[in-house]
Amino acid sequence: MSNLVILGAQWGDEGKGKITDYLAKKADLVVRYQGGDNAGHTVELGNQKYKLHLVPSGILYNGKSCVIGNGVVVNPTSLVREIKYLNDLGINTDSLMISDRAHIIFPYHIEIDRLEEEMRGEDKIGTTIKGIGPCYRDKVERSGIRMCDYENKEAFETRLRANIRSKNNLIVKYYEGQPLDEELIVHEAMKYMDMISKYITDVNVVMRNAVKEDSKILFEGAQGTLLDIDYGTYPFVTSSHPTTCGIAVGAGISPYRLQKAIGVVKAYTTRVGKGPFVTELHGETGNWIRERGFEYGTTTGRPRRCGWLDMVMLNYSAELNGLSAIALTKLDTLSDLESIKICVAYKLDGEIIDYFPASLETLSRCEPIYIDMPGWHLDDVEKAVTYKDLPENARAYVQKIEELLGLPADIVSVGPKRDQTFMRKDIF
Ligand code: GDP
Ligand code: IMO
Ligand code: MG
């Protein structure tokens with residue numbers, strides 16, 4: 001297999017970073033194709049936790065080529081901070097490449113993100129306030145500024161100044177906010193662009209050569225399928241395509257070259273931000289899972305909403321992405337519960353349905369239909385050296401998911417570390 005996609009099958013934070021890091025050892029190239037520093041991918045190696053936002057998780061292997069594709073929106077200040085953070089931890093970032101077609105996030109995107117959320121009041125999306133939506137909007141509106149624009153610094157500055165003025169107009173007149181300091185934004189943008197300019201390259205050429213040479217490429221999704229701008233729980237979504245549908249356009253590879261996609265699935269469901277969540281647990285069990293799984297956002301520190309596994313949603317996700325297998329994570333977190341529920345269908349107005357509705361109004365009227373699975377103990381999970389050593393009930397839970405999804409769980413993860421991973425089939 002020369003290329004493999006790893007993406008979130010739920011609402012993000014499934015453990016994509018951990019699985020990418022696990023598989024990246026064999027990869028020649030690790031590529032991010034969408035999202036921005038709204039992503040927070042945690043990889044634990046020994047006693048060190050690495051928190052990655054823009055840089056692909058493959059960077060933790062010294063010298064591994066890591067690509068930020070054109071579909072990613074890049075905040076130069078965040079990227080410089082992340083590179084410094086990695087360098088301070090002894091990680092070499094010389095192998096990083098940024099697409100010259102990637103769009104740039106400026107402070108006005110962040111300010112507009114914040115003001116829009118404020119204006120939405122009760123109906124706010126709960127964005128990460130990283131300027132993601134406003135930057136993608138400029139891209140589609142054709143007023144964005146790209147990495148390649150920095151080749152001509154003078155023209156770059158002129159365009160940036162024009163954008164700041166037009167956004168300040170909007171900020172003051174429409175959002176009733178305070179104008180941003182033009183000189184400061186320009187000064188900082190030039191400083192941080194200077195610092196990252198050595199990484200900017202024509203990623204299309206890199207991808208073309210990688211395909212020609214049959215290099216092993218790993219695509220690392222950010223966010224998750226249900227946060228996709230088209231296929232997620234709109235408008236409570238992000239502004240990009242975390243699904244396989246976004247790879248060709250976001251990484252500069254023909255869709256006909258893509259070979260296989262693995263969906264990362266958390267053994268239960270979490271969501272940060274607002275929007276309907278059919279299997280959400282509001283009481284004690286939800287709180288217990290949050291504490292046991294340390295379900296707090298990597299990027300914003302917000303508590304994640306927790307609930308049972310939802311097979312209606314996962315079947316939708318598997319079909320849409322064309323998944324060939326899943327990587328099931330955080331099985332250990334569910335340990336010590338007496339019984340565990342899996343949602344197998346929804347009840348809508350007295351009828352049983354097995355499809356995932358597009359309308360949020362309809363979705364919020366859906367009630368979960370559950371089956372119960374018997375629990376297992378953490379001690380027994382911790383003792384396991386191979387998949388077969390896992391407690392019988394834990395394996396029965398995995399088997400039930402495989403059965404309900406019609407896909408194998410080729411990877412099962414029982415802890416945040418690399419060695420707490422069972423690869424049941426050689427997939428890459
Ligand atoms: P991502 O955004 O999909 O990369 O996921 P996050 O990094 O935001 O959240 C997943 C969290 O769970 C991280 O803190 C991981 O270190 C951790 N993690 C990943 N796999 C496992 C697992 O199997 N068990 C446990 N206990 N933690 C895990
Ligand atoms: P990773 O890659 C979980 C959510 C936000 C909000 C919505 C829109 O770590 O899985 P945005 O700032 O993108 O405009 O916010 O999307 N969101 C995530 N939730 N994991 C993420 O990334 C997310 N990135 C964005 O909470 O609901
Ligand atoms: Mg995350």
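Counting starts at 1 for both ligands and their atoms, following the listed order. Residue numbers start at 1 and run along the sequence shown.
For atom 11 (C) of ligand 1, the nearest non-hydrogen atom from the set Gln420, Lys18, Lys417, Lys330 comes from Lys330. Closest to atom 1 (P) of ligand 2 by heavy atom, among Gln223, Gln34, Lys51, is Gln223. Remark: among candidates Leu227, Val237, Thr233, the nearest residue to atom 19 (N) of ligand 2 is Leu227, based on non-hydrogen atoms.
A donor-acceptor pair shorter than 3.5 Å cannot be found between the side chains of Ser65 and Asp28. Side-chain contact check for Thr386 and Asp389: at least one donor-acceptor pair (N or O, by modelled atom type) lies under 3.5 Å. A donor-acceptor pair shorter than 3.5 Å can be found between the side chains of Tyr346 and Asp310.
With respect to the salt-bridge test (charged N to carboxylate O, under 4.0 angstrom), the residues Glu117 and Arg120 qualify. Taking 4.0 Å as the cut-off between side-chain N and carboxylate O, Asp37 and Arg81 do not count as a salt-bridged pair. Under 4.0 Å is where a charged nitrogen must lie from a carboxylate oxygen, and between Asp410 and Arg424 no such pair does. Lys383 and Asp380 are joined by a salt bridge, as a carboxylate oxygen and a charged side-chain nitrogen come within less than 4.0 angstrom of each other.
Cation-pi geometry between Lys51 and Tyr85 is not met at under 6.0 angstrom from the ring centre and within 45 degrees of the axis.
Interface atoms of ligand 1 facing His41, defined by a heavy-atom separation under 4.0 Å, are 1 (P), 2 (O), 4 (O), 7 (O). Atoms of ligand 1 found under 4.0 Å from any heavy atom of Val414 (numbered from 1 in listed order, with element): 23 (O), 24 (N). Per-residue contacts place Ser413 under 4.0 angstrom from the following atoms of ligand 1 (heavy atoms of the residue considered): 20 (N), 21 (C), 22 (C), 23 (O). Residue contact check: Gly17 has heavy atoms under 4.0 Å from atoms 4 (O) of ligand 1.
Counting only heavy atoms of the protein, atom 12 (O) of ligand 2 lies nearest to Thr128 OG1, 2.5 Å. Atom 15 (O) of ligand 2 has its closest protein heavy atom at Thr127 CA, 3.3 Å. The nearest heavy-atom contact from the protein to atom 13 (O) of ligand 2 is Thr238 OG1, 2.6 Å. Counting only heavy atoms of the protein, atom 27 (O) of ligand 2 lies nearest to Val272 O, 3.1 Å. Atom 5 (C) of ligand 2 has as its closest protein heavy atom Gly126 O, 3.5 Å.
Considering backbone and side-chain N/O atoms, Lys130 never comes within less than 3.5 Å of an N/O atom of ligand 2. In terms of polar-atom proximity, Asn38 is counted as a contact of ligand 2, with an N or O under 3.5 Å from an N or O of the ligand. Taking distance alone, with nitrogen or oxygen atoms compared against 3.5 Å, Asp13 approaches ligand 2 more closely than that limit. In terms of polar-atom proximity, defined here as any N/O pair under 3.5 Å, Arg302 does make such a contact with ligand 2. Below 3.5 Å of separation, one finds no N or O of Leu331 facing any N or O of ligand 1. Backbone and side-chain nitrogen or oxygen atoms of Ala222 are examined, and none is located within less than 3.5 angstrom of a nitrogen or oxygen of ligand 2. By the 3.5 Å distance cut-off applied to N or O atoms, Glu14 is counted among the residues near ligand 1. By the 3.5 Å distance cut-off applied to N or O atoms, Gly40 is counted among the residues near ligand 1.
Counting non-hydrogen atoms of other residues, nucleotides and ligands closer than 6.0 Å to CD of Glu392 gives a total of 12 or fewer. Surrounding CZ of Arg365 are more than 12 heavy atoms belonging to other residues, nucleotides or ligands, all under 6.0 Å away. Taking a 6.0 Å sphere around CD of Glu319, one finds it holds 12 or fewer heavy atoms contributed by other residues, nucleotides or ligands.
Of the options Thr238, Asn38, Thr243, a side-chain hydrogen bond (donor to acceptor under 3.5 Å, both in side chains) to Gln223 is made by Asn38 and by none of the others. The only option from Asn163, Asp138, Asn168 that meets the side-chain hydrogen bond (donor to acceptor under 3.5 Å, both in side chains) definition with Tyr108 turns out to be Asn163. With Arg304 as the fixed residue, the side-chain hydrogen bond (donor to acceptor under 3.5 Å, both in side chains) test singles out one of Thr270, Thr269, Asp13: Asp13. If you run side-chain hydrogen bond (donor to acceptor under 3.5 Å, both in side chains) between Ser413 and each of Glu14, Lys18, Gln420, only Lys18 comes through.
Only the backbone of Trp11 comes within contact range of ligand 2, with a heavy atom under 4.0 Å; no side-chain atom does. The proximity of Val43 to ligand 1, defined as any non-hydrogen pair under 4.0 Å, does not occur for either the backbone or the side chain. Using a 4.0 Å cut-off between heavy atoms, Arg304 contacts ligand 1 through its side chain alone, with no backbone atom that close. Using a 4.0 Å cut-off between heavy atoms, Glu14 makes no contact with ligand 2 at all. Heavy atoms of Thr42 found under 4.0 angstrom from ligand 1 belong to the backbone as well as the side chain.
At least one heavy atom of Gly40 sits closer than 4.0 Å to an atom of ligand 2. Using a 4.0 Å cutoff on heavy atoms, Gly12 does not count as a contact of ligand 1. Using a 4.0 Å heavy-atom cutoff, Lys16 is listed among the residues neighbouring ligand 2.
With Asn315 contributing its side chain and Leu404 its backbone, the two residues share a donor-acceptor pair below 3.5 Å.
At least one N/O/S atom of Gly40, from backbone or side chain, sits under 2.8 Å from the Mg ion (ligand 3).
Nearest heavy-atom pair across Arg292 and Thr333 is CG-O, 3.2 Å.
The nearest N/O/S atom of Asp13 to the Mg ion (ligand 3) is OD1.
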